[in-house]
Amino acid sequence: MRAVWAGRWLRTAYALLGDTPRRSASRGAPRRRRTQKDCRAGWEEEKSTDRVKWRQLEHRGPYFAPAYEPLPDGVRFFYNGEEASEWPAPGCDLPVFTPGWGPREMTVEERKVIKHLDKCDFTEMHRYFVDKAAARKALPREEKQKLKEEAEKLRQEFGYCILDGHREKIGNFKTEPPGLFQGRGDHPKMGMVKRRILPEDVVINCSRDSKIPEPPAGHQWKEVRSDNTVMWLASWKENIQSSIKYIMLNPSSKLKREKDWQKYEVARRLKGVVDEIRSQYRADWKSREMKQRQCAVALYLIDKLALRAGNEKEEGEAADTVGCCSLRVEHIQLHPEADGQEHVVEFDFLGKDSIRYCNRVPVEKPVYKNLQLFMENKEPGDDLFDRLTTASLNKHLQDLMGGLTAKVFRTYNASVTLQEQLRVLTRAEDSIAAKILSYNRANRAVAILCNHQRATPKAFEKSMQNLQTKIKVKKEQVAEARVELKRAKADHETQGDGKSRCFLEKKRRVLEKLQDQLARLSAQATDKEENKQVALGTSKLNYLDPRISIAWCKRFGVPVEKIYNKTQREKFAWALGMAGEDFEF
DNA sequence: CTTGTTACTTAGCACTACATTC
DNA sequence: GAATGTAGTGCTAAGTAACAAG
């Protein structure tokens, strides 16, 4: 078998041809960051900052994933068709937190022998992990229950903190286990070894007067600090991109809820000035200054198409993806006329998570002309907006409205679209099920606007077929019930007694019930088909002001539980009481 | 201005637990 | 009771954006 790069078993497999992760090319001496002393000063001064501040924070520190067990002796590895008798040797040349095994890079000797991944045969290793997963699945009920209880115990011990006197849920209380880095898209660092995190890597953030978390026996924290202007409880630097990972609170916590609420309030403030901003950027399309023009056109695209800002990325560090400001000439095509419309721009690029954005849109003539201008004398690989960065764009936005950045447009347009679509699609006389379908349609309009895609579910075709079969059966049943009803009607007319009347009523109810079921099934089928490749969750969780949905529920008598599950209701608790039925975004 | 660092939000996928159907 | 379908959850990568320093 070939190297299978998908699947979690890889996390535990050996890294074969991983490059040594390069240290980020730090050019000069490390710059001075905020020190602990500065933090203390911040604490006492209560500087005006939009950062949420806390007074007291106590927690247990992160939970360290236990080390993996070594592969048993029987599991063999083949290279180029031959069994490698000595390799890979169990054991680990990296420091491990508990005695055990972890993924590692090849030694110098191994690298001399193993040069091509496609000559590696992982079959036995793969089977070992598949079997292990199957064994776990086949565990008797009591054993599973026991595992569950152990996990719950862990959650109780590590999964909560005390913040300003309240016990709050932590979002991710475990350090990330070592494994092979799985980037998305064509990632240059795919397959590199992600090191095990040790207590020595971890910075703890908590109140000075709290019980400081104990590092695991025989270990020490990298640092313990008390910075009350940040939301994280612990952090460490990861070795692939040398970015910092954080342990933070669950969305249901007060701190996160308030932040979320603020976000939507900023978007609502934009609503008040958006007309002005729009006429402003329209005017700037004709600006004499190139930079201003580019800014105005970019803003138009961000506003109209809900594009992301598009920060610059370091080449070779991540997959080649772009957003608005980092669009290149090769990503758009101009059509003077297409699909019966004028001034059509065709976009085709990879966005966040290497999700393809492919769209043809008619734009206003000045935008079209400007794009033409921006593309003149440029190579396909050149930046479309060569005078523009996200920083300068956001600087401009900040001047137009305090707190305004490019991403606010996405929030704003998503929420406005939901509100508008709900208004258009909901009919008061519809059943609850039909209303929920309308809600999903409105949600879907937003997801499409924001380009939230998903892979077609594995069993989609099959489950769709099953659904169609069910519909067919139901249709036959309805037809049959119709015939029976007719017969009962005729019987009642000839006999006219109470018994036949009763029978007639019964048949009528049966038919109604069946018709209802049929309607529900076809609605389900429509919904399913339309939703095939659209992910609704992301917009629901991150872009749609929950007060819009809650107000809609109240207005149309739909229970909120039909729209938000328990977790979502906890996250949006701030909005539950706030939004009356006439709330307007 | 550029560049690196830091903090936080947004994103899709794998897995799992539970409901439903056979 | 097994098989199947699906909603919910965990995970962590990949963005945005602010800020400091050269």
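We name chains A, B, ... by the order of the sequence lines, and we start the count at 1 in each one. This one's a predicted model, so the numbers in the text were calculated from it and none came from an experiment.
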**Prompt:** Is any side-chain N or O of Lys462(A) under 3.5 Å from a base N or O of dT4(C), one able to act as donor and the other as acceptor?
**Reply:** no
**Request:** Could you identify which residues of residues 559-568 of chain A place a heavy atom less than 4.0 Å from some atom of DNA chain C, listed by residue number, or say none?
**Result:** Asn565(A), Thr567(A)
**Request:** Using a heavy-atom cut-off of under 4.0 Å over every strand shown, decide if Gly310(A) touches base, sugar-phosphate, or nothing.
**Result:** sugar-phosphate
**Asked** CZ of Arg454(A) versus P of dG12(B): gap in Å, rounded?
**Response** 11 Å
**Request:** Report which part of the nucleic acid Arg184(A) touches: base, sugar-phosphate, or nothing (heavy-atom distance under 4.0 Å, all strands).
**Result:** base
**Message:** If I take atom CG in residue Leu350(A) and atom C1' in nucleotide dG12(B), what distance separates them, rounded to the nearest angstrom?
**Reply:** 15 Å
**Asked** So what does Gln398(A) touch, heavy atoms closer than 4.0 Å: a base, only the sugar-phosphate, or nothing?
**Response** sugar-phosphate
**Prompt:** How long is the line joining CD of Glu570(A) and C1' of dG10(C), in whole Å?
**Reply:** 15 Å
**Message:** Taking any heavy-atom pair under 4.0 Å as a contact, classify Ala406(A): base, sugar-phosphate, or nothing.
**Reply:** sugar-phosphate
**Request:** In plain terms, say whether Arg441(A) and Glu530(A) are close enough for a salt bridge, that is, a side-chain N and a carboxylate O under 4.0 Å apart.
**Result:** yes
**Message:** Could you tell me how far apart Ile302(A) (CD1) and dG15(C) (P) are, to the nearest whole angstrom?
**Reply:** 15 Å
**Request:** Take the protein atom CE of Met231(A) and the nucleotide atom P of dA17(C), then report the distance between them rounded to whole Å.
**Result:** 17 Å
**Item:** Sugar-phosphate only, base, or nothing, as touched by Gly323(A) at under 4.0 Å among non-hydrogen atoms
**Value:** nothing
**Prompt:** More 5' along DNA chain C: Gly403(A) or His187(A), using each one's nearest nucleotide?
**Reply:** His187(A)
**Prompt:** Which part of the nucleic acid, if any, lies within reach of Asn311(A) when heavy atoms closer than 4.0 Å are counted: base, sugar-phosphate only, or nothing?
**Reply:** base
**Message:** Can you measure Lys352(A) atom NZ to dA17(C) atom P for me and round it to whole angstrom units?
**Reply:** 11 Å
**Between dT5(B) (P) and Lys313(A) (NZ): distance, integer Å** = 18 Å
**Message:** Between Lys407(A) and Arg308(A), is there a side-chain heavy-atom distance shorter than 4.5 Å?
**Reply:** no
**Distance, rounded to the nearest Å, where Gln453(A) contributes CD and dA11(B) contributes P** = 12 Å
